[in-house]
Amino acid sequence: MSATAFREIDASSSTSIDRVREKLNFLPLDLHVEELSDEQAAKVDVSADRFSAWVEDLEPHFIGVDISQFKAFRRPAVRSHHQVRTNPSTTGNVVEWEGIVETVEEGEFSARLVAVKGLKNDFDEFTDFDLSDVQPGDRKLVEPGAIFRLLIGTQAIGGTREKVCNVVFRRLPAWKKSSVHEAQQRLEAMFESIEWIDAAEAEAD
Amino acid sequence: MAVEIERSHWAIVLLGSFNPSIFHPAWFAKNEVISQEHAESSEVSVIHNEVASMTLGNQIRVACEANRFQVEVSKAPEIILLDLVSKVFGDLLPHSRVQNFGINKSVHFRASSPEKRTEIGRMFAPTDPWGEFGTRIQSSEGEQVGGLMSLRMREIKNDDETTGSLEARIEPSPVLDKKSGIFVAVNRHFDLRDYKEGSGAIQAIRKLDQEFAQALKDSDEIIDYIANISA
């Protein structure tokens, strides 16, 4: 399972930003909108070795840099036991996400996750799973749009603590015709309530 | 830091009219409420016209009597209870009469010390109003220390569709350390206001679906507060 959640580094975190600046100083960040001259290019160390070293050093922590805004996007690590304990939940020390399957490929699937317990993240996380992470009886439920819960942490069960890393697919009731009809009606009402304005007329006014 | 919750338990209870003899792990699997693998690892205690009791997939306990259907788990994610009840009574048995239901959560944890638990007990149940009896309890100590055995508090919660309540209970834990263990149980109960005879389970299931997350959030708020002051 590989966590690939994107999070913009807190701009107030000078340590993180300084560290990024320091590690990226071999890149011509001040020249990103212009083509490099031969002279400038000669001064910049963009060798494969240098880039590989950078990737090895930072890649576990950062998944990307928006050069135009000088912002790094961090890959949050799975919460440590200590971090989880500082976000107590009455389930024990478990962080729980609700996931929606986005794509399914042979042997794996990708999903969008939202924390529902044990974390207060308000951003979506994107994760790839091996199909083997899913209980055999639930594998046929894995299809785009399927909803599941991911639990990671330690949970007290019957007086003993167990490490938990579970992917549990939800077996939801089928959509009823009446529910689909109600949803369609709400959607139609919403569209009808939109007042469309002709751009040309608005400009003329 | 809050004390650690050592045991958790969630349950949904439906009150109405049921046929216990329907429920069997194979029936749940056939209707895709659980997987075939879970059905094979299920244990049946009893299935009879009047009562059915089983554990599905070593995880979900189901108990059904003629007027009561209950599902419970001691392991997250508790959302599977809502899914099971919604599928069974929303899809498969929508004509079962369900007029009332409850969403329950209970936990066991240890106060930071036996003295802390006594302090919590005295805070919830002061000994002063109990006269001489209370004075003797107040002065008890060590192995003889007495105090709160059970206390229930109820908040009335009514809305357009239901009357109901949020009820919390605090007791010494019967399963953890007998000197510092604390048990807290919270019940969110709903009675449908205008149940239409013959309307089956749909009203209740719809309301359950709307209220499940909030009921557990309310429960957690109470539990977290007591757990925090017990640290």
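Lettering follows sequence order; numbering is per chain, from 1.
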Can you tell which of B:I205, B:I79, B:V175 has the highest number of heavy-atom pairs within less than 4.5 Å of chain A?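 Option with the top pair count is B:I79.
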Partners passing side-chain contact (heavy atoms from CB on, under 4.5 Å) against B:M149 (at least two apart in sequence or in another chain):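 Counting only residues at least two positions away or on another chain, B:M149 forms a side-chain contact (heavy atoms from CB on, under 4.5 Å) with B:P172.
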Within residues 22-34 of chain B, residues adjacent to chain A where the heavy-atom gap is under 4.5 Å: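 Under the 4.5 Å heavy-atom cut-off, B:E32, B:V33, B:I34 qualify.
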With a 4.5 angstrom heavy-atom cut-off, could you sort out which part of B:H38 is near chain A: side chain, backbone, both or neither?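 Just its side chain gets close to chain A.
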Inter- and intrachain pairs under salt bridge (charged side-chain N to carboxylate O under 4.0 Å, His left out), touching residues 183-205 of chain B, at least two apart: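 Matches after skipping sequence neighbours: none remain.
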Sort and list the pairs that fulfil salt bridge (charged side-chain N to carboxylate O under 4.0 Å, His left out) and have at least one residue in residues 9-26 of chain B, not counting sequence neighbours.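 Sorted result for residues 9-26 of chain B: empty, none.
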Taking B:E78 first and then A:R149, would you say they form a salt bridge - that is, a charged N and a carboxylate O separated by under 4.0 Å?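 No, this pair does not count.
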Salt bridge or not between A:R171 and B:D83? Use side-chain N to carboxylate O under 4.0 Å.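 So A:R171 does not pair with B:D83 through a salt bridge.
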Counting only heavy atoms from other residues, nucleotides and ligands, does the tally under 6.0 Å from [atom1] of [X] exceed 12?
X: B:Q210; atom1: CD; value: yes
X: B:F124; atom1: CZ; value: yes
X: B:K179; atom1: NZ; value: no

For the OG1 atom of A:T154 and the CD atom of B:E4, what is their distance to the nearest 0.5 Å?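 These two atoms lie 6.0 Å from each other.
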Rounded to the nearest 0.5 Å, how far does CZ of A:R139 lie from OG of B:S35?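 Answer for the OG-CZ pair, B:S35 versus A:R139, is 11.0 Å.
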Identify the two heavy atoms, one from A:L151 and one from B:A76, that lie closest to each other, and give their separation to 0.1 Å.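 Residues A:L151 and B:A76, closest heavy atoms: CD2-CB, 3.4 Å.
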Using side-chain contact (heavy atoms from CB on, under 4.5 Å), reason through B:K87 and A:L172 one step at a time and then give a plain yes or no. CA-CA 6 Å; B:K87 198 160 174 67; A:L172 295 163; over 6 Å; no
Proximity breakdown for A:E98 and chain B, heavy-atom pairs closer than 4.5 Å: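 Neither the backbone nor the side chain of A:E98 comes within 4.5 Å of chain B.
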